[in-house]
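Below, each value reflects all heavy atoms present in this structure, side chains not excepted, and no hydrogens, waters or symmetry copies. In what follows, every chain begins at residue 1, and chains take the letters A, B, ... in the order their sequences are listed.
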Protein chains: 2
Amino acid sequence: MNQELIRPILTVDIVVLTLHEQRVHVVVQKRDKPPHAGHFALIGGYVRPEEDVSTAAAAARVLRDKAGLTARLLEQLMTFSGTERDPRGWSASVAYYGLLPYQDVAQQVRRNLKMLPLDRATGLPFDHDTIVSKALERCRRRAAYSSLPAFLLPIAFTQSALRHAYEAVLGRALNDSAFRRKIDELRVIEPLAGNVSKATARPAQLYRLGRGHIVEFDRTV
Amino acid sequence: MNQELIRPILTVDIVVLTLHEQRVHVVVQKRDKPPHAGHFALIGGYVRPEEDVSTAAAAARVLRDKAGLTARLLEQLMTFSGTERDPRGWSASVAYYGLLPYQDVAQQVRRNLKMLPLDRATGLPFDHDTIVSKALERCRRRAAYSSLPAFLLPIAFTQSALRHAYEAVLGRALNDSAFRRKIDELRVIEPLAGNVSKATARPAQLYRLGRGHIVEFDRTV
DNA sequence: ACCACTTACTAGCAAATTGCAAATAACAAG
DNA sequence: CTTGTTATTTGCAATTTGCTAGTAAGTGGT
C-alpha cells in the first residue's frame, strides 16, 4: 500500500538458562545504557542486518559480544511486539533461549552478569518477565520429550546429574530407576569408556549425548 | 552503537490450515503484486505499527483483509529472517499458523484462495516451503498433547470427526476405542445435549470443546 | 417385516509401560 | 571391618494402552 512503511526497531533478547545447585537460573546483565540503565535485564541488542545473516546469528553475536557466552543450545522462542514493551515506542524483539552449563557462566561473571533462581527472576524491565515465563514454559514442554535438559550440563555427566537436570526443568521429581530405564531405551546418551565421576560416595559412570544436537523422542520421559 | 540503525522490513505470514476429506490442507493465495506476482503463496503482509498493536494483531488483520478469514486458533510459529528469503533484501517475517474449519475457507474461495493438500504444498515462493514445514512440525508436536486439532473442525463435531482430525495432523492412525477412552478421561469435550449428527449410518452424538481456547494435557493422546 | 450393511459406541482382556521397593555394588570415613 | 552414602540393577504391582469382539442404531433393498 504505502511506500513509506514504518519500519519498527528489531532486537533480540536471550533468556540464558543454566543449572546451579539443582535449580534452573536465568542469567541477567546490568544495562549500561537507557532505558533502564543500571537495572538487570535479559541480555539483548539490536539486529544488524548488515552483519547478521539472521536473527539467530544476531542472538549468538549479542550473547558472545555482550556477555562472552556461547550457548550449547540456542533456540528461538518467539517474537514479542507492540508499544507497551519498550518506552521508545513500537518495537519487536525476537526472543531466544540459550542453555549452557554453570561453569561457562561462572567464568564470565565479570561482565555485570548475575544468575537468578527462578523465584527471584521477576521484576525485570521491559516485558522481560513475560519473555522469561514463556521461555520456561517452552523449555518445560520441550524437556518432556527431548534431550533439552542435557544442554544445561557439561559435556560429561552422570545419569544422576541428567535426572536432576530433567527434574529442575520439569519442576517435578522423577523416579530414579524408571528414568535410567527410559534414558537407556531412548539411546540418547553413551558411556564415556572408563570415565567415572568421583564426586559422590560410589563413583558414577560418565556419559555424553549420543548426538551433538537436541533430539526429540516419540515417547515422553 | 550506531544511531542510524538499519531497520529491516517486518512482515507477517500465516499458514492457514484446514481439513478436507480427512486431510490437512494449506490455504494459499495468488499474489497480485511482485515479487512473485501471479504465484500462489502464503497469505501475508506488512506489519503496520501505527495500526497493529502487535504482530498477532497484524496477522489477524492481514488474514481478515486479504482473505476474509478469521482463524479459530491463531498462534505464533516463529520468525524467519535473512537475505535469502526475499529478493528485496534482508527481511524478517513473523509466521503464524491459523486453524479453521473447511466451511470457513470454502466461503471465501473467491479471493484467489486455493487449498493444497500437504503433498502438493511445495514449490511455494520465498521461504514459504520452510515456513509450512515448520508449521506442520509444530502442529504435529502440539497435537500430541493438546486440543489443537479440534480447531480444524466446526463448533459441533462427532468423536469420529475429532479422531480423524487428530489422525490427519499427527499423520498416523489412532485406535478408535482407546481414543474415545482418552478423550473422555481428559474431559476436553462436552456433549451437546440431544444433538446428533445423521451424516453416517448410525447417528452420532455431537460434542463441542469444553473450553473455547486450546488446552494442553499432561498426558499424550 | 426382515435382512444385509455401515458406522457408533462399549466391554474385556492381553501386552506394554511405569511406579515402587528391595537387593546389590562401590567407595569414603571412622 | 563397620557404617553411611550414592550408584545401579532387578522384580513385581499398578496403570495405561492396544486389540478384538460385541452390541446399538440407523439406512436401503427385497
Rounding to a whole Å, what distance do you find between [X]:[atom1] and [N]:[atom2]?
X	N	atom1	atom2	value
B/Tyr207	C/dA8	OH	P	12 Å
B/Asp176	C/dT6	CG	C1'	14 Å
A/Arg180	D/dA7	CZ	P	7 Å
A/Phe179	D/dT9	CZ	C1'	16 Å
B/Gln22	C/dT7	CD	C1'	13 Å
B/Ile183	C/dT10	CD1	C1'	17 Å
B/Asn175	D/dC19	CG	P	6 Å
A/Glu185	D/dT9	CD	P	13 Å

Do [X] and [Y] touch side chain to side chain, with heavy atoms closer than 4.5 Å?
X	Y	answer
A/Tyr96	A/Val15	no
A/Thr158	A/Gln205	no
B/Leu209	B/Arg211	no

**Request:** State whether B/Arg181 places a side-chain N or O below 4.0 Å from either non-bridging phosphate oxygen (OP1 or OP2) of C/dC9.
**Result:**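 For C/dC9, OP1/OP2 do not have a side-chain N/O of B/Arg181 under 4.0 Å.
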**Asked** Phosphate oxygens OP1/OP2 of D/dA7: is one of them under 4.0 Å from a side-chain N or O of A/Ser160?
**Response**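 True: A/Ser160 side-chain N/O within range (under 4.0 Å) of D/dA7 OP1/OP2.
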**Message:** So for B/Ser177 and C/dA11, does any side-chain atom that can act as donor or acceptor lie under 3.5 Å from a complementary atom in the base?
**Reply:**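 Checked by distance alone, the answer is yes.
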**Request:** Would you please classify the geometry between the B/Tyr102 ring and the B/His20 ring as parallel, tilted or perpendicular, with 30° and 60° separating the classes?
**Result:**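 The arrangement is parallel - the two ring planes meet at less than 30°.
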**Prompt:** Are the side chain of A/Ser197 and the backbone of A/Leu206 linked by a donor-acceptor contact shorter than 3.5 Å?
**Reply:**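 No; zero donor-acceptor contacts below 3.5 Å.
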**Asked** Just by modelled atom types, is the B/Ala57 backbone N or O under 3.5 Å from a matching donor or acceptor in the B/Ser54 side chain?
**Response**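 Here the side-chain-to-backbone pair exists.
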**Request:** Quick one: do B/Tyr207 and B/Phe157 satisfy ring-ring contact (aromatic ring centres under 6.0 Å, His included)? Show the steps, please.
**Result:** CA-CA 5 Å; B/Tyr207 296 83; B/Phe157 49 82; 7.3 Å; no
**Request:** When you get a sec, tell me which of D/dT9, C/dG19, D/dT17 is the closest nucleotide to the side chain of B/Lys182?
**Result:**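 In terms of side-chain proximity for B/Lys182, the closest of D/dT9, C/dG19, D/dT17 is D/dT17.
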Kindly give the atom pairs (protein nitrogen or oxygen, nucleotide nitrogen or oxygen) under 3.5 Å for nucleotides 26-30 of chain C.
unit_1: C/dA26; atom_1: O4'; unit_2: A/Arg202; atom_2: NE; d: 3.3

